[in-house]
Amino acid sequence: MISQTEIRPGDGRYLFRGVMVGDGHRPAGKSLRAAQHEAGVPPGIWKGRGLAAVGLKAGDVVTERQAELLLGEGRHPDADRIERDLVARGKSPARARRATVLGRPIEHNRSPKTDKAKERIPWLGMHLVFRPPPTAHIAWALMGHEIRLVLELCQDIARDKTLAWMEDAVAQIRWKGGGKHRARVKDGLIVAVFRHYESRAAESKPLLHDHALVSIRARRPDEKGTWGNLSADTMLTHIVAADTLYTLYFMEEVSARLGWAWEPREVTPGRRPVMEIAGIDQRLIGWQSTRRQQIEDALPVLTARYKEKHGHAPGERAAYALGCQAADQTRPPKRTELLSLTELRKRWRDSAIRAYGADAVDRLAERARAAAAAVWARVRPVVDVALAAVDVVAVVYVMRGAFKRHHLLAETRRHLAYVLRGRPHQPGLDEQIVQAVVDDYTRPVGRRMMTADLRALYPHDTEDQAVLRPLTRNRTAPPYERARLAAGALAARVRAARRAERLGSSPRPYAVSVPAASRSHPRPFRTGPKNGRLLEPETGVDTVEQTRRTFEAAARLAAKLQDGKRERAVAHGPRPQPAPATAPQPHTQPPGTQHTPGRTTGGVA
């Protein structure tokens with residue numbers, strides 16, 4: 001997952017004393033590299049296509065002075081040398097310093113001459129934290145050295161691909177008209193990445209994660225290449241879509257390099273499940289996630305106070321806010337003891353063996369491979385564009401009512417993660433599914449807002465037209481549970497339409513634009529006790545396959561009866577028969593994700 005906080009003037013002490021040295025304690029006077037070496041964490045490196053504009057290259061080591069200038073003052077990372085050269089040429093110190101500022105100086109916001117809208121503390125960057133799923137931390141901490149290196153490589157690739165997507169599709173810079181207009185950045189982002197190995201819990205636990213410090217400064221797409229500020233609201237809007245993309249990329253890299261598979265695990269009843277590596281002992285998740293247990297212990301008290309004050313249970317947004325409040329209240333202080341990764345891994349392994357035995361730790365890789373074989377034996381990782389579209393629109397509509405495109409994009413990537421279980425997806429498939437949803441199943445309800453078009457989802461002559469409407473009302477069932485019920489109802493109608501077409505029934509008033517071989521679709525999740533157990537669909541690909549075989553057997557029987565009629569007709573002499581209507585032949589499709597055009601690019605037209 002990806003979490004986000006802003007970087008403002010005055011946050012330098014936290015960044016330089018904590019984030020850059022592995023969340024430990026850096027004594028005053030100790031150099032950054034010495035503190036990193038003592039903490040056992042690698043030095044930070046620069047990332048992003050915007051580095052060329054400031055004379056840096058991807059992979060260069062981040063120095064403390066560079067980070068202080070760019071992320072603490074909004075100036076050029078090599079401002080000291082530039083300022084000295086300009087002063088030597090006869091420039092005044094004030095003009096030389098102004099020449100090193102990228103965009104508007106932060107002092108401008110503190111000037112009494114500015115209006116109130118600019119008196120707020122400006123942003124200097126965004127602090128993004130990339131964390132893989134919990135089972136990936138367990139495998140990285142307790143398995144062999146080779147697997148540890150592979151998982152770190154998967155983390156690198158997934159993080160860099162996500163940052164590249166944010167550069168290409170998300171990052172915008174404020175442009176003209178007092179910053180009301182938006183434009184694509186000229187080069188790209190400037191990012192400083194720092195890797196950490198442990199959580200900040202009182203008892204050190206494995207937590208492979210990366211801190212990405214994204215500079216708010218970027219160049220405008222004009223001839224001069226002037227500097228300005230990124231649109232922070234645009235970046236924040238797409239954080240969830242970036243989170244789901246990062247998880248999808250990480251799953252694909254792990255499955256491709258280690259052969260493992262993924263399966264859903266319900267953490268909180270009625271909430272979205274999370275994807276975990278199949279075969280990892282679930283007890284180890286509780287051993288690793290001590291911070292989560294601390295938060296869950298504090299959450300009931302905050303929830304009871306909320307009910308007493310407002311008279312009702314907290315909704316989705318209020319529950320999220322209470323979770324953040326519980327995390328802040330239970331946050332322990334950072335450790336003063338700094339250990340190398342080798343020492344940490346030895347400590348983690350000894351702790352896990354004491355808790356669950358040597359067999360549970362030593363056979364982790366073996367059980368992950370066996371579980372992956374079982375997953376691939378029962379799951380067909382094929383993306384069905386039409387079923388993906390109805391699944392996405394049902395979930396987003398029930399959860400939100402009105403939504404935007406980035407909400408559809410995030411849910412589409414969650415759908416791909418569940419269906420593919422780590423198999424790679426075709427580039428642009430997520431955008432293709434989103435476009436199918438927008439074209440076929442939505443209608444505008446306001447400026448840049450849309451909602452589900454119920455007339456397109458449910459024909460007037462079907463009995464299940466009233467299924468989706470009641471699910472959007474405020475009921476006792478959790479929103480995601482109601483969303484899965486709605487998605488299941490829509491998927492059942494699409495499957496019924498396909499079966500009718502395969503059996504040659506009367507023409508339908510709509511066309512299903514999807515390959516007939518694609519039948520993989522996530523069924524509604526089963527609810528269970530709050531024990532973090534794995535959730536597999538009660539009826540999935542096997543049930544759909546059995547249904548298909550039943551209907552095909554019926555079709556073969558009908559064909560045999562027809563042949564018998566022809567033989568009897570030949571035996572008793574020719575008899576005039578009306579010419580049979582030629583059924584339209586389905587368009588041949590390659591397997592996978594392509595679909596024939598209906599009214600639009602996908603879904604039910």
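Note that the structure is predicted; figures quoted are calculated from it, not measured. All residue numbers refer to positions in the sequence shown, counting from 1.
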Checklist entry - Are side-chain heavy atoms of M450 and V438 found at a separation under 4.5 Å? => result yes
Checklist entry - Does Y418 have R414 sitting over its ring (NZ/CZ under 6.0 Å from centre, angle to axis within 45°)? => result no
Next on the checklist: Just to verify, what does D168 make a side chain to side chain contact (heavy atoms under 4.5 Å, CB included) with, not counting sequence neighbours?
Outcome noted: R49
Next on the checklist: For the CD1 atom of I2 and the CG atom of D210, what is their distance to the nearest 0.5 Å?
Outcome noted: 10.5 Å
Checklist entry - Out of curiosity, I138 CD1 to K205 NZ, how far, rounded to the nearest 0.5 Å? => result 10.0 Å
Checklist entry - Do E253 and K161 sit within salt-bridge range, that is, some charged N less than 4.0 Å from a carboxylate O? => result yes
Next on the checklist: Regarding D281 and R363, does a basic nitrogen lie under 4.0 Å from an acidic carboxylate oxygen?
Outcome noted: no
Checklist entry - Passes side-chain contact (heavy atoms from CB on, under 4.5 Å), M166 versus M235? Steps please. => result CA-CA 8 Å; M166 297 182 73; M235 299 288 286; 3.6 Å; yes
Checklist entry - Got a sec, which residues hit salt bridge (charged side-chain N to carboxylate O under 4.0 Å, His left out) with D156, two or more places apart in sequence or on another chain? => result R159, R195
Item to check | For D243, salt bridge (charged side-chain N to carboxylate O under 4.0 Å, His left out) partners two or more places apart | outcome: none
Next on the checklist: Would you say the ring centers of Y246 and F130 fall short of 6.0 Å from each other?
Outcome noted: yes
Item to check | From R257 atom CZ to E252 atom CD, the distance as rounded to the nearest 0.5 Å | outcome: 11.5 Å
Item to check | Worked verdict on L258 versus L151 for side-chain contact (heavy atoms from CB on, under 4.5 Å) | outcome: CA-CA 9 Å; L258 295 174; L151 290 175; 3.9 Å; yes
Item to check | R423 to W376 six-membered ring, cation-pi geometry met (6.0 Å, 45°) | outcome: yes
Checklist entry - Relative to each other, are the rings of H406 and H238 parallel, tilted or perpendicular (30° and 60° limits)? => result tilted
Checklist entry - Under 4.5 Å between any side-chain heavy atoms of F403 and T442, yes or no? => result yes
Next on the checklist: Checking the side chain of Q172 only, and the main-chain atoms of V170 only, is there a donor and an acceptor separated by less than 3.5 Å?
Outcome noted: no
Item to check | Check ion pair R272-E481 (N to O, under 4.0 angstrom) | outcome: no
Next on the checklist: How long is the straight-line distance from OG1 of T162 back to OH of Y249, given to the nearest 0.5 Å?
Outcome noted: 7.0 Å
Item to check | Side chain proximity check, T412 to V392, heavy atoms < 4.5 angstrom | outcome: yes
Checklist entry - Just how far is it from atom CG of L208 to atom NE2 of H137, taken to the nearest 0.5 Å? => result 7.0 Å
Next on the checklist: Assess whether a salt bridge exists between R405 and E431, defined as any Lys/Arg side-chain N lying under 4.0 Å from an Asp/Glu carboxylate O.
Outcome noted: yes
Item to check | Evaluation steps, side-chain contact (heavy atoms from CB on, under 4.5 Å), between D453 and Y441 | outcome: CA-CA 5 Å; D453 187 356; Y441 303 131; 5.6 Å; no
Checklist entry - For the side chain of E167 and the backbone of G188, is there at least one donor-acceptor N/O pair under 3.5 Å apart? => result no
Checklist entry - With no hydrogens and no angle check, is any side-chain donor or acceptor of T244 less than 3.5 Å from a backbone partner on R413? => result no
Item to check | Test salt bridge (charged side-chain N to carboxylate O under 4.0 Å, His left out) applied to R400 and E411, step by step | outcome: CA-CA 12 Å; R400 305 191 65 90; E411 189 59 37; over 6 Å; no
Next on the checklist: The test is side-chain contact (heavy atoms from CB on, under 4.5 Å); show your working for I433 and L416 and say whether it passes.
Outcome noted: CA-CA 10 Å; I433 295 174; L416 292 177; 4.1 Å; yes
Next on the checklist: Let me confirm one number: the OG1-CE distance from T135 to M275, rounded to the nearest 0.5 Å.
Outcome noted: 9.5 Å
Next on the checklist: Can a side-chain donor-acceptor contact be found between E6 and H127 if the only test is distance below 3.5 angstrom?
Outcome noted: no
Checklist entry - Can you find a side-chain donor-acceptor pair between E152 and W140 that sits under 3.5 Å? => result yes
Item to check | Under 3.5 Å side-chain donor-acceptor pair for Q155 and R131 | outcome: no
Next on the checklist: What I'd like to find out is whether the side chain of W260 reaches to under 4.5 Å of the side chain of I147, using heavy atoms alone.
Outcome noted: yes
